[in-house]
Each structure stands twice: as structure tokens, then as C-alpha cells.
Undergrad: 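I'd like to ask you about the structure that follows.
Keep in mind that the numbers below use all heavy atoms, side chains included, and drop hydrogens, waters and symmetry copies.
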Amino acid sequence: MCIGEKIRCLREEKNMTQKQLAEILGISQQAVGKWEKGINEPDFETIVKLCDIFGVASDYILGRIETASPTPKEQIVELLKRPEFKDAAIAFQDYHDWTEDEIQSIADFIEGKRLLKEKKKLSNYIFLNLE
């Protein structure tokens with residue numbers, strides 16, 4: 001499922017129209033329609049807003065995980081499967097014994113670092129394309 005299809009499904013699950021979603025985001029209804037048709041995709045900041053509106057992880061909208069609202073434990077497992085976290089996987093191999101609060105803290109930290117990295121990449125991409 002592409003980003004637009006996921007946005008449409010999430011919007012419909014909330015019984016929200018394209019117009020209502022557009023108003024919340026401060027954009028046009030046509031922009032939402034183009035996402036849902038796969039013509040365009042939302043920018044990074046809008047994806048973050050969409051995640052807040054729908055209560056899902058950004059990885060779900062981006063197609064990196066299958067479930068809309070993974071548990072913190074599922075987030076950690078999914079993140080540690082990625083090649084870029086190979087070294088971290090060793091440090092977190094005993095996560096099965098952690099409390100839910102400890103798991104949530106680690107999941108939040110890892111997600112925050114990943115989002116910062118993506119935002120930096122996006123900023124660099126935009127800067128290079130402005131030149």
C-alpha cells in the first residue's frame with residue numbers, strides 16, 4: 001500500500017472527509033486528493049502532523065512497518081532489524097526483560113533520532129535543489 005492509500009484508509013477510519021483533513025492541516029483539499037491518488041506525497045512536516053492526527057507511527061505511513069500503531073516493543077524489534085541499527089541490536093538484545101516504561105523510553109529515543117536524521121536529509125535535499 002502506498003503512502004496515499006494509507007492516508008485515505010486512515011482518513012476514512014476517522015470518518016473524515018478530504019476537506020476536513022485539509023482544513024486541519026491548513027492545505028487545499030486538492031493536495032489531499034493528489035496524495036490519495038499517488039500523484040504527490042506529503043512533505044516531512046506534514047507526515048509528522050498526519051501521524052499526530054491519526055495516532056500512528058511515521059513508519060506505518062512510510063510503509064516501513066505493517067501495523068498502524070505498533071507497541072513500543074514492536075517498534076524496537078522493527079527498528080533493530082534495520083541494517084543501520086546492527087550495532088545497537090547487540091546493546092538491546094535483552095529488551096524482553098525490560099519494563100514497559102523502559103521499552104517506551106528506548107522506542108521514543110530511537111524514533112526521535114531517526115526522525116532527526118530524516119529531517120536533516122530532507123533539509124539537505126531541499127537546500128541542494130535550491131541552488
Side-chain angles (χ1 to χ4, degrees):
M1 197 183 300
C2 72
I3 291 173
E5 291 171 328
K6 287 187 180 180
I7 292 170
R8 181 185 49 76
C9 288
L10 290 166
R11 179 182 57 75
E12 289 175 351
E13 285 174 15
K14 295 270 188 183
N15 295 316
M16 188 181 292
T17 65
Q18 286 182 350
K19 183 177 180 179
Q20 290 169 324
L21 179 58
E23 287 174 0
I24 292 168
L25 293 169
I27 60 172
S28 69
Q29 180 180 345
Q30 290 79 10
V32 175
K34 286 181 180 181
W35 298 340
E36 292 183 2
K37 291 177 184 172
I39 297 170
N40 290 334
E41 291 182 347
D43 62 24
F44 174 80
E45 289 179 17
T46 305
I47 288 173
V48 172
K49 290 177 186 176
L50 289 166
C51 292
D52 291 340
I53 292 166
F54 297 125
V56 298
S58 58
D59 278 350
Y60 174 72
I61 291 179
L62 296 171
R64 297 181 76 165
I65 58 175
E66 296 297 317
T67 57
S69 299
T71 66
K73 193 175 280 192
E74 290 170 334
Q75 286 179 325
I76 290 174
V77 170
E78 288 297 321
L79 289 169
L80 295 179
K81 286 179 184 176
R82 296 187 198 159
E84 64 265 30
F85 290 113
K86 183 178 79 172
D87 294 334
I90 295 167
F92 298 124
Q93 63 188 357
D94 67 340
Y95 73 89
H96 300 286
D97 300 327
W98 294 353
T99 66
E100 288 301 315
D101 286 341
E102 290 171 326
I103 292 169
Q104 184 63 56
S105 294
I106 296 298
D108 291 346
F109 173 79
I110 292 171
E111 180 69 5
K113 292 297 260 183
R114 187 189 63 73
L115 289 172
L116 285 172
K117 186 177 180 180
E118 284 183 13
K119 187 174 182 178
K120 184 177 180 182
K121 283 182 184 177
L122 180 63
S123 296
N124 289 342
Y125 174 78
I126 292 169
F127 178 75
L128 291 174
N129 285 319
L130 292 175
E131 293 179 341

Undergrad: Can you confirm whether Leu50 sits close enough to Val56 that some side-chain heavy atom of one is under 4.5 Å from a side-chain heavy atom of the other?
TA: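 They are not in contact (no side-chain heavy atoms under 4.5 Å apart), so the answer is no.
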Undergrad: Between atom CD1 of Ile24 and atom CG of Asp52, what is the distance when rounded to the nearest 0.5 Å?
TA: 11.5 Å
Undergrad: Among all residues two or more places apart in sequence or in another chain, which pass the side-chain hydrogen bond (donor to acceptor under 3.5 Å, both in side chains) test with Ser28?
TA: none
Undergrad: Rounded to the nearest 0.5 Å, what separates atom CG in Leu25 from atom CH2 in Trp35?
TA: 5.0 Å
Undergrad: Output every pair passing salt bridge (Lys or Arg N to Asp or Glu O under 4.0 Å) with a member in residues 14-34, not counting sequence neighbours, ordered by first then second residue.
TA: none
Undergrad: State, to 0.1 Å, how close Gly33 and Gln18 come at their nearest heavy-atom pair, and which atoms those are.
TA: CA-NE2, 3.6 Å
Undergrad: What is the minimum heavy-atom distance between Leu62 and Ile47, and which atoms define it?
TA: CD2-CD1, 3.7 Å
Undergrad: Donor-acceptor pairs under 3.5 angstrom involving side-chain atoms of residues 1-12: please list them, not counting sequence neighbours.
TA:
from: Glu5; atom 1: OE1; to: Cys2; atom 2: N; distance (Å): 2.9
from: Lys6; atom 1: NZ; to: Tyr60; atom 2: O; distance (Å): 2.8
from: Arg8; atom 1: NH1; to: Glu12; atom 2: OE1; distance (Å): 3.2
from: Arg11; atom 1: NE; to: Glu36; atom 2: OE2; distance (Å): 2.6
from: Arg11; atom 1: NH1; to: Met16; atom 2: O; distance (Å): 2.7
from: Arg11; atom 1: NH2; to: Glu36; atom 2: OE1; distance (Å): 3.0
from: Arg11; atom 1: NH2; to: Glu36; atom 2: OE2; distance (Å): 3.4

